[in-house]
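The chains referred to below are lettered A, B, ... by the order of the sequence lines, with proteins before strands, and numbering in each begins at 1.
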There are 2 protein chains.
Amino acid sequence: MSSEKNPTRERILKAAWSLLESGEGGAVRMSDIAKASKISRQALYLHFPNRADLLIATTRYLDEVHDIDGRLTKSRKAGSGSARLRAWVEAWSEYIPVIYGVAKALMAMKDDDPEALAAWNDRMSAVREGCSAVVADLKAEGALVGHLSEEEAADLLFALLSVRTWEELRIERGWTQARYVNLMQETARRTFLKLNS
Amino acid sequence: MSSEKNPTRERILKAAWSLLESGEGGAVRMSDIAKASKISRQALYLHFPNRADLLIATTRYLDEVHDIDGRLTKSRKAGSGSARLRAWVEAWSEYIPVIYGVAKALMAMKDDDPEALAAWNDRMSAVREGCSAVVADLKAEGALVGHLSEEEAADLLFALLSVRTWEELRIERGWTQARYVNLMQETARRTFLKLNS
DNA sequence: TTTTCACTTTACACAGTGTCAAGTTGACAT
DNA sequence: ATGTCAACTTGACACTGTGTAAAGTGAAAA
């Protein structure tokens with residue numbers, strides 16, 4: 001949609017993306033992004049009003065390139081509620097590594113910068129909706145565990161699937177992605193499904 | 001132990017603690033702590049070499065005052081493995097709100113500052129050990145679910161009980177502390193125990 | 001009385017963000 | 001060829017927050 005129009009802008013976004021993705025030892029500064037974009041630091045401000053907006057635009061660019069919304073939505077068409085839960089956990093889990101670099105930078109900013117907070121919440125709303133939808137399916141089928149309200153279940157699933165939890169298990173504790181996905185699916189099954197078949 | 005000796009130092013720690021606890025809209029600066037301690041900013045550096053060390057000392061002071069290690073250890077003497085799991089989840093859950101302010105500041109620093117990272121890991125090691133111990137009990141009783149190794153179970157429990165997850169549910173989603181504790185106990189039960197009685 | 005300790009005041013270096021103003025450069029229109 | 005416009009560059013600077021350095025104060029200990 002909005003891509004392809006402005007080559008410099010896109011070069012900046014790609015540079016920011018790859019710097020954030022690779023981590024490159026610590027915080028990514030405006031001057032780093034400028035250097036990687038082969039542009040002066042000041043010129044960044046001709047394209048983005050501030051660092052927060054640049055990061056936000058990077059996230060959107062990422063979502064656009066990977067068609068996150070499309071992929072996540074697609075995962076919801078699986079057959080039964082429990083299959084949908086499995087598919088949903090997998091779809092989102094596979095997406096986390098892709099956005100992790102950018103997400104980390106945005107998470108770090110959201111404590112200070114209200115705009116970054118808003119952007120983060122906006123980006124996370126698709127995931128929240130996915131959680132709610134899956135839980136609603138389970139509820140409709142009577143497969144949702146008795147002790148959780150629909151809202152509680154959605155909150156809990158969202159927390160379970162948070163980037164932070166992924167970070168803790170995958171990065172800090174060194175789990176493989178496959179192990180993470182499998183155990184999250186199993187944990188979700190046991191936590192939310194009425195019958196543990 | 002180390003308290004009571006140096007009144008100014010303790011005044012600083014108390015000031016830092018209360019500022020961090022109340023959040024007070026955003027990051028707590030050295031000058032904020034100085035003002036709250038009724039001391040000059042520079043004098044802070046006579047007591048602590050840098051901000052990271054001050055925050056770390058604040059955490060230790062907090063642990064000392066609340067006797068976290070004692071309390072956490074005590075929770076492990078419940079009867080059965082499942083009772084111990086419940087008690088452990090509750091003990092740590094009740095402690096999170098106490099340390100939340102300081103923890104948040106330390107978590108924000110640990111991306112940049114390796115000393116802050118080390119301090120955070122050090123402080124969390126007690127919790128990790130608790131998780132491992134509880135899981136080991138379950139395993140010994142044959143109550144641990146089959147699809148998880150002892151290490152995986154400990155990692156997962158630790159992630160489930162992370163400050164970030166508490167923050168997400170309690171602060172972001174507005175859960176009450178009681179609801180958080182109950183649902184975490186239930187979730188832990190369903191996730192880790194073989195028989196869902 | 002002198003020394004020492006805990007602290008104050010003032011000043012400054014440094015990093016990183018964001019702003020401002022005065023160029024430069026190339027494309028395109030006339 | 002000339003003028004204009006947009007995109008970009010260069011250099012300077014304000015601001016915030018951390019951390020360092022040095023000289024001074026005041027009270028209590030020796």
Which nucleotide, [options], lies nearest any side-chain atom of [X]?
| X | options | answer |
| --- | --- | --- |
| R51(A) | dG18(C), dT10(D), dT8(C) | dG18(C) |
| Q42(B) | dT18(D), dC7(C), dA21(D) | dA21(D) |
| H47(B) | dT18(D), dC7(C), dG18(C) | dC7(C) |
| R41(B) | dC8(D), dT8(C), dA11(C) | dA11(C) |
| I39(A) | dT17(C), dT9(D), dT8(C) | dT9(D) |
| L46(A) | dG19(D), dT17(C), dC8(D) | dC8(D) |

Before accepting this row, confirm whether a basic side-chain N of the pair [X]/[Y] lies closer than 4.0 Å to the acidic partner's carboxylate O.
| X | Y | result |
| --- | --- | --- |
| D122(A) | R60(A) | yes |
| R29(B) | D32(B) | yes |
| E167(B) | R164(A) | no |
| D155(B) | R128(B) | yes |
| K74(B) | D67(B) | no |

Between residues 105-113 of chain A and DNA chain C, which residues have a heavy-atom gap below 4.0 Å?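 None, since no heavy atom is under 4.0 Å.
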In this structure, how many angstroms lie between the [atom2] atom of [N] and the [atom1] atom of [X], rounded?
| X | N | atom1 | atom2 | answer |
| --- | --- | --- | --- | --- |
| R29(B) | dT18(D) | CZ | P | 8 Å |
| I12(A) | dA7(D) | CD1 | P | 12 Å |
| K35(A) | dT9(D) | NZ | C1' | 16 Å |
| N50(A) | dG16(C) | CG | P | 18 Å |
| L44(B) | dA6(C) | CG | P | 15 Å |
| L54(B) | dG17(D) | CG | P | 17 Å |
| Y45(B) | dT10(C) | OH | P | 18 Å |
| I33(A) | dG16(C) | CD1 | P | 13 Å |

May I ask you to decide if the ring planes of W166(A) and Y180(A) are parallel, tilted or perpendicular, using 30° and 60° as cut-offs?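 Perpendicular: the ring planes of W166(A) and Y180(A) meet at over 60°.
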Considering just the side-chain nitrogens and oxygens of T8(A), establish if one lies under 4.0 Å of OP1 or OP2 belonging to dC8(D).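 True: T8(A) side-chain N/O within range (under 4.0 Å) of dC8(D) OP1/OP2.
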Report the C-alpha distance between R173(A) and E151(B) in whole Å, list the side-chain angles of each, state the deciding distance to 0.1 Å, and finish with yes or no for salt bridge (charged side-chain N to carboxylate O under 4.0 Å, His left out). CA-CA 10 Å; R173(A) 308 255 60 88; E151(B) 205 196 340; 6.0 Å; no
